[in-house]
Each structure stands twice: as C-alpha cells, then as structure tokens.
2 protein chains.
Amino acid sequence: MSPIQGTRTGGRSARVQQAVHDAVRDLQRERSRSELSVPLVAQRAGVTPSTVYRRWGTLQELLADVARERMRPDDPPDDTGALDTDLKAWARQYLEEISSSPGREYVRDLVASEGEENSEQCNRYCQVKIRAILDRAAERGEPHPDADTVTDRVTAPIVFRVFFAPGDPTPEWAEELIDQVLADL
Amino acid sequence: MSPIQGTRTGGRSARVQQAVHDAVRDLQRERSRSELSVPLVAQRAGVTPSTVYRRWGTLQELLADVARERMRPDDPPDDTGALDTDLKAWARQYLEEISSSPGREYVRDLVASEGEENSEQCNRYCQVKIRAILDRAAERGEPHPDADTVTDRVTAPIVFRVFFAPGDPTPEWAEELIDQVLADL
DNA sequence: GGGTTAAAGCAAAGTCTTTGCGTTAGCGCG
DNA sequence: CGCGCTAACGCAAAGACTTTGCTTTAACCC
C-alpha cells in the first residue's frame, strides 16, 4: 500500500506530528482544557502556530486527533478462559478508562470534532476488542451474542451513563449488564 | 422561590438573553457551526460582544445553553392506550429528533460544554417523558420496567448509535429495542 | 547528486477575546 | 412616586489568537 501521491508521510512531517502530539499530551497533563491554545502547543512542540493551523485547522480537531490515537487498542483483551469473565474484565476496564477524568476528556474531544469520523473510529476500536472476545468464545464452542448486541447492551449504557447521568457507574453495575446479555441467549 | 439575592432576572437582562438566544437560533438555521462567532451573534442580537462574553464566557457555553432550552420537553408524550405503543411512539420520535442534523448539533454542543450539568439535564428531560409513560402503565395495571432500565436499554443505544456508529438507525430498530425490554419482564 | 515540490517558517493583516471604566436602567425602600 | 443603589450593559483600547501571502527548507524521486 503506497502513500497517496503527493503527500509526504515520513521525515520532517512525521517528526512535526510526533512533536505536536507529544506537546498536547504533555500540556493536557499540566493544564486544564480551557488553558490550552494552538500557540501554546506550537511553542511546546517547537513549531510555529501556522504549521499547526495548516495541518489540523483548529485546536478542537487537533485534540480529537490526539484522542483518537489514545483510544487505539494496544493489546488484545485478556483471555480468562470463559466468555462471561472475558466480557466482565473488558467491561470493567473500559468503564474505568472512559469514566476517568482524562478518558472523559478524550471522548468529549472526539464528539466535539467536526466530522463523524473520529467518533465512529472510537466505536470501531471497541468492536475490535469485543469481536476478539466473541471469536474466542466461538472457538471454545460457547454460545455467544453478536457484537452489535454487546454494543447496544453494554458499551452504549456505559458510555451513556458516564456522560449523561449524575454520579459514577460502579464496576458491579457493568458486570450486571453482562449477566443480563448472557441470560438472554 | 425568590431569585438569588443580587442577580437580576427580569427587565433588560431578560430581554438581552432572549435576543441573544433568538440570534443564535436564527444563525444556526442559515450558517454552519464553524461560521458562528460571538461577535456575529452579538451583532444580530443588537448587543455588544462583551455582554455575551461576560454572561456566557465562550461561544461553546452559549450554544450549550441554547441547546438545553431546545431539549426541554414541551408536551407530555402521546397516550396511545398501551405501554408497548406509548414507548414505541416515544422512541421513534426521540430517534428522529436527535438523529436529525440540528438534533445532533444540539447534543454535540451539550457534551462539548464545560460542566456536566448540561448533558445531565438532557437525560433528566428524557426521563421525565419515560416516567410519564411508565406511570400511565402502572395506573392501567400493566407490568412495566423501571425508568433506569429503559434508559439503559433504549435511550442509551439510540444515542450511542447516532453518535458512534456509521449509518442512521431505523425506526424499526428502535421498536425492536422496546420489544426486547418488554419481553424480559 | 540535483531538481521538484510538499510542508514548514516568517511576518503582517485581520479577527476574536479580555478588561477597565463610564453609563444605563431595574429593583427596593422610604 | 421618586430616589438611591448597583447589576448589567456599552464602549474602546489592549492583548491574544487566526489567517494568509510569500520565502525557505528538506524529503522524495529520478
């Protein structure tokens, strides 16, 4: 797969992107969202603001880009030997991740960004993990729901409650969601 | 309930708020989000930008304020005579509302705003409608789920799919969600 | 190596945001 | 009813951010 004709992906461009992303992550750790600005990020990254504006357009798009990177699944989900416990382990971990203060910020940045690409990518990453778990269950011969069902009955309620309901959902509540899905098989 | 000591709620303040809200709604109809700005809104409303900045802080907060107003439930949900059809009618209407282009913008504005107040209010409005439907079912003596269950199994999947999944959910899919909840009673 | 050109730097112009201070008008009291 | 009080508005200047045209740099490809 060759890069698109006429766009440069390596060398200086790659270094600038890396430096800017690093600068954003650094600054997110030490300052609040409302204190961030393109000139501030650019200074930390050692580039000029116009470079950032030309590549990302706005601060919001840049933050969404960084957030998307952060959401990318790194490792395959833990294999605990059974569908029930695999899903519960994943659900607990996912809840913890997005209900944390930085996690909420990332999702917020994704939703706030212009296109729908970024939000959809976030869901795609989730489904990659869910499918890995379901595939293992299939190999073991366990009965299992499909990925869309898990999305509707587990991922969706978790995300919804974190963002729209007062108070923080507990890990126990997340596990109950799994019990209910599996009970309906 | 008296207004907070030292804040003015009527007279000129109320007129300014109304004018600014109206200006935002007007402009949202004729221009895209990225073309909106505080000075533009202020000009349309016939006030100075500094007034808007002092009252709302940022464009984002102002948009969230307007969006929250828009989400406020106006009428009680239709009474079709049975829980099943009441919930389905509500779900179809809700899906249509938030999957519309302006509807998505409103929710986006709410989530993007600083505090969690605005997003939580949005859910509270939903629950008001759901509870009204469930209360009617209780009066009729119909078995019915509780409001949190409906939130997790209907509202959450609808919102999640609109924002995080590619393609638009269909009204038929929303009705299936209702069938599934009621089947589990 | 050397030409080509995407992407970065620079700087000026334009727009948005903040802030201090004077003015207006709603509210409550006598 | 009129008067004082003061929250909220208007204005304008200062400051910060954003855009843009042009120049320079350095990957990429021959």
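Naming convention: chains lettered A, B, ... in sequence-line order (proteins, then strands); numbering from 1 in each chain.
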Beyond-backbone contact of B/Ile98 with B/Arg104, side-chain heavy atoms, under 4.5 angstrom: no
- request: Give a yes/no answer on whether the side chain of A/Thr48 brings an N or O atom under 4.0 Å of OP1 or OP2 in C/dC10.
  value: no
query: Would you say the side-chain atoms of A/Asp146 and A/Thr149 include a donor-acceptor pair closer than 3.5 Å?
result: yes
message: Whether B/Arg55 contacts D/dA7 is assessed here as follows: a side-chain N or O lying under 4.0 Å from the phosphate OP1 or OP2. Is that the case?
response: no
task: Figure out the CD/C1' separation between A/Gln43 and C/dG9, and round it to whole Å.
output: 16 Å
message: Ignoring hydrogens and geometry beyond distance, is a side-chain donor-acceptor pair present between A/Ser34 and B/Glu114 at under 3.5 Å?
response: no
field: Whole-Å gap separating P (D/dG10) and CZ (B/Arg15)
entry: 11 Å
- prompt: Residues from residues 22-42 of chain A sitting under 4.0 Å of DNA chain D, heavy atoms only?
  reply: A/Ser37, A/Val38, A/Pro39
field: Donor-acceptor contact below 3.5 Å, side chain B/Lys129 vs main chain B/Asp75
entry: yes
field: Donor-acceptor pair between B/Gln121 and B/Arg124 side chains, under 3.5 angstrom
entry: yes
So which protein N/O to nucleotides 18-24 of chain C N/O distances come out below 3.5 Å?
| residue | atom | partner | partner atom | Å |
| --- | --- | --- | --- | --- |
| C/dG20 | O6 | B/Arg54 | NH2 | 2.4 |
| C/dT24 | O2 | B/Arg12 | NH2 | 2.9 |

message: I'd like to check A/Arg136 versus A/Ile133 (side-chain heavy atoms, cut-off strictly below 4.5 Å). Are they in contact?
response: yes
task: Look only at the side chain of B/Arg55 and the backbone of B/Ser13, and say whether a donor-acceptor pair between them is shorter than 3.5 Å.
output: yes
- prompt: Where is the tightest heavy-atom contact between B/His144 and B/Ala138, given as atom of each residue plus distance?
  reply: NE2-CB, 3.6 Å
